[in-house]
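So you know, we letter chains A, B, ... as the sequences are listed, proteins then strands, and number each from 1.
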Amino acid sequence: MKRIRIKTVLSGVEPGTRVTVAGWVRTRRDSKGGFSFLEINDGSCLANLQVIAPAELDNYAGDVLKLHPGASVAVEGTLEASEGAGQAVEVRARAVRVLGFAPPVEYPLGKQKVGFDRLRELPHLRARTNSFGAVARVRHLLANATHRFFHERGFLYVHTPIITSSDCEGAGAMFQVTTLDPHTPPRRADGAVDYEQDFFGRRAALTVSGQLEGETYACAMGDIYTFGPTFRAENSNTRRHLAEFWMIEPEMAFADLDDDAELAEAFLRHLFQAVLRDGADDLRFFDRRVLPGVLARLERLADAPFGRVTYTEAVRLLETSGRAFEFAPCWGMDMQSEHERFLAEEVFKGPVVVTDYPAAIKAFYMRRNDDGRTVAAMDVLLPEVGEIIGGSQREERMEVLEATLRASGLNPDEYAAYLDLRRYGSVPHAGFGLGFERLVQFCTGMHNIRDVIPYPRAPRLCV
RNA sequence: UCCGGCGUAGCGCAGUGGUAGCGCAGUUGGCUGUUAACCAAUUGGUCGCAGGUUCGAAUCCUGCCGCCGGAGCCA
């Protein structure tokens, strides 16, 4: 079918031009003046295209008057300046071809309001709503802006594995991958399941992070990034967690924590500017219908310089703030979200990078600082959301890394490959991780993370 | 996982012990270059499931299931 997208039609096609558009009917209004109005949406943009379907059409009574929300049509006609007030242009149809009717009694997305909860039960249809169409477009923009940003800076996109051998991933809750029969798995003499007979000859699971594999490529290619799905089997029931989510993880060789923080700041600013530039219509929709103020928030952040503070200074700021927190701040604690928000919203009044956390509350791979009690870690905190990025300079000194592994109760033998990077031509390197859905959540103002990914997976949710 | 809230018509909701309601959608009719169209009529419910208290339960109690919010964990 030779069709033109509605986005294109609405962005400057000359009145008088013959066009063919195709899409789904949002609403139909009949006029006794001898025609019907059809509002058509094809997903290319938020706006609908108004179609004038004259009663003279052969199939007016037979088809057009039977169109309801959800029906699909192809319309051939002429673009005209609109006589009505709601739109600049409209298409006067010479032919309306029905591709598929949508029975109004059955179709769940009519003209009535449908809540996000209900739409979550209809993942195959919810992209046809204004909200989820807008989310899908913004999500695409952000993904595209991510690749552009790293490509322009010479970062290599590395595809890290989805299935990993669990031995090397630490103790997080993982989804096991197996082809063994769960009822009658092969057993070893001691009664344990014999994973040597499993598909991979050993236990395997879905990845929780591409970082370790990303580091191996950074320690050969220089600057790399990963952008792929990750999986956590934790029983988290919150509006900020998914069992399957996408993560962006850059990793830079010959880089320290300062380089890392600079990259994070430039990256976020690039993303905000890209979505403001290319997603303006959708952002206005979110600002109007989802979260008033989300647009101004993005505009503020797109140019705001990031604050910078060490964890130790941050705790002092919290302690001397005079603010009564639910959890009293003290050195050594993990920062609560109330603390993070206070720092970003009231102290720095903008994004802030907190660095050099206590070693005790951070992962084994983060580089020990000379003070012996902190590590070169950073979190980027945003107003109103808290942490959006977590990163660190990695420990590149083999003896220190080995000692930390042991102290963490981990077996260095299982990290042989990771240690090899330090054994052979070790270099300082640093990176961070950004949860993509939380970024989409932040930019759209959508409240629940399950509504910014097409098919959300969470405890008891795999529709 | 813990705490709190909710579950009533296709959808969004009201109804705190006495015959189950409103709005939207649907259907029918009317009207109109309409645009969240409007006006009138009308269809539609085993009140999440199971048990209990009571003359009587959507309403009170217990258990279960599901969803939402907050917390923890984190991204």
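- The interatomic distance linking A:Leu65 (CG) with B:U28 (C1') rounds to 15 Å, in whole Å.
- The side chain of A:Arg239 has B:G70 as its nearest neighbour among B:C68, B:C74, B:G70.
- Within the shown strands, B:A40 is the pairing partner of B:U28 under the Watson-Crick or G-U definition, both distances less than 3.5 Å.
- Between B:C73 and A:Arg240, no contact under 4.0 Å exists linking OP1 or OP2 to a side-chain N or O.
- Using a 4.0 Å cut-off between a side-chain N of Lys or Arg and a carboxylate O of Asp or Glu, A:Arg367 and A:Glu396 qualify as a salt bridge.
- Rounded to an integer number of Å, the gap from A:Glu340 CD to B:C73 P is 11 Å.
- The separation of B:C60 from B:A40, taken at their P atoms, amounts to 36 Å, rounded to a whole angstrom.
- The base of B:C73 is paired with the side chain of A:Ser236 by a donor and an acceptor separated by under 3.5 Å.
- One finds no salt bridge joining A:Asp281 and A:Arg137 here, because no Lys/Arg side-chain nitrogen approaches an Asp/Glu carboxylate oxygen to under 4.0 Å.
- A:Glu234 contributes no side-chain N or O that forms a donor-acceptor pair with the base of B:U1 under 3.5 Å.
- One cannot find a donor-acceptor pair under 3.5 Å joining the base of B:C65 and the side-chain atoms of A:Arg460.
- Taking only side-chain atoms of A:Thr27, from C-beta outward, the nucleotide of B:G72, B:A37, B:C74 with the closest atom is B:A37.
- In this structure, A:Glu338 does not pair ionically with A:Arg323, as no charged nitrogen and carboxylate oxygen lie closer than 4.0 Å.
- Comparing the P positions of B:G21 and B:U16 gives an interatomic distance of 14 Å, to the nearest angstrom.
- Pairing for B:A58 is absent, judged as Watson-Crick or G-U wobble with the two contacts each under 3.5 Å.
- Interface remark: the A:Ser82 side chain does form a donor-acceptor pair with the B:G33 base, using a distance-only criterion of under 3.5 Å.
- Annotation: B:C24 and B:U62 have their P atoms spaced 38 Å apart (nearest Å).
- A:Arg450 has a side-chain polar atom (N or O) that falls below the 4.0 Å cut-off from OP1 or OP2 of B:C68.
- Between the P atoms of B:U42 and B:A36, the separation comes to 28 Å (whole Å).
- Comparing B:U59 with B:A14, their C1' atoms sit 13 Å apart, to the nearest whole Å.
- When the C1' atom is used for both B:U27 and B:A57, the distance is 34 Å, rounded to whole Å.
- At a threshold of 4.0 angstrom between heavy atoms, the contacts of A:Gln50 include nucleobase atoms, whether or not backbone atoms are also involved.
- Put simply, NE2 on A:His68 is 19 Å from P on B:G10, counting in whole angstrom units.
- One P atom belongs to B:A58, the other to B:G70, and the distance between them is 33 Å to the nearest Å.
- Salt bridge annotation for A:Asp42-A:Arg5: absent, with no cationic side-chain nitrogen under 4.0 angstrom from a carboxylate oxygen.
- Applying the Watson-Crick and G-U wobble criteria (two distances, each under 3.5 Å), B:C6 pairs with B:G66.
- Heavy-atom nearest nucleotides on RNA chain B were determined for A:Glu83 and for A:Gly115, and the one closer to the 5' end corresponds to A:Gly115.
- Checking B:C68, B:A71, B:U1 against the side-chain heavy atoms of A:Asn448 singles out B:C68 as nearest.
- Residue ring and base: A:Phe245 counts as stacked with B:A75 (centre distance below 5.5 Å, interplanar angle below 30°).
- Base pairing of B:U34: no nucleotide in any strand meets the Watson-Crick or G-U wobble criterion (both distances under 3.5 Å).
- With A:Phe267 as the aromatic partner, A:Arg153 does not meet the cation-pi criteria of under 6.0 angstrom to the ring centre and within 45 degrees of the ring axis.
- At a threshold of 4.0 angstrom between heavy atoms, the contacts of A:Arg289 with the nucleic acid are absent.
- Counting any heavy atom pair closer than 4.0 Å across all strands shown, A:Gly84 reaches a base atom.
- Using a 4.0 Å heavy-atom criterion, one finds that A:Thr238 contacts the bases of the nucleic acid, with or without backbone contacts as well.
- B:C24 atom P lies 20 Å from atom CZ of A:Arg118, rounded to whole Å.
- Shown here, B:A71 forms a base pair with B:U1; the pair counts as Watson-Crick or G-U wobble because both key distances fall under 3.5 Å.
- With B:U32, B:U1, B:G72 as the choices, the nucleotide that has an atom nearest any side-chain atom of A:Asn237 turns out to be B:U1.
- Side-chain contact of A:Glu437 with A:Gln441: a donor-acceptor pair under 3.5 Å is absent, judged by distance alone.
- A:Glu106 has its CD atom 15 Å from the C1' atom of B:U27, to the nearest Å.
- The nearest whole Å value for the distance from the CD atom in A:Gln87 to the P atom in B:A36 is 10 Å.
- The residue A:Leu242 sits close to a base: some heavy atom pair falls under 4.0 Å.
- A close approach under 4.0 Å does not occur between any side-chain nitrogen or oxygen of A:Ser31 and OP1 or OP2 of B:U34.
- Between the side chain of A:Arg120 and the base of B:G66 there is no donor-acceptor pair of N/O atoms closer than 3.5 Å.
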Point to revise | Criterion salt bridge (charged side-chain N to carboxylate O under 4.0 Å, His left out) on A:Arg368 and A:Glu395, from CA distance to verdict | key: CA-CA 7 Å; A:Arg368 285 270 155 172; A:Glu395 182 57 74; 5.9 Å; no
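- Taking the nucleotide of RNA chain B with the nearest heavy atom to each of A:Gly33 and A:Val114, the more 5' of the two is matched to A:Val114.
- B:G17 and B:C3 are spaced 29 Å apart, taking the P atom of each and rounding to whole Å.
- Relative to the side chain of A:Glu39, the nucleotides B:C74, B:U35, B:G26 differ in distance, and B:U35 lies closest.
- With hydrogens and angles ignored, no donor-acceptor pair closer than 3.5 Å exists between the side chain of A:Gln336 and the base of B:G72.
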Under 3.5 Å, which donor-acceptor pairs do the side chains of residues 455-463 of chain A form with other protein atoms, sequence neighbours left out?
| from | atom 1 | to | atom 2 | distance (Å) |
| --- | --- | --- | --- | --- |
| A:Arg457 | NH1 | A:Val463 | O | 3.4 |

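- The phosphate of B:A37 has OP1 or OP2 within less than 4.0 Å of a side-chain N or O from A:Arg29.
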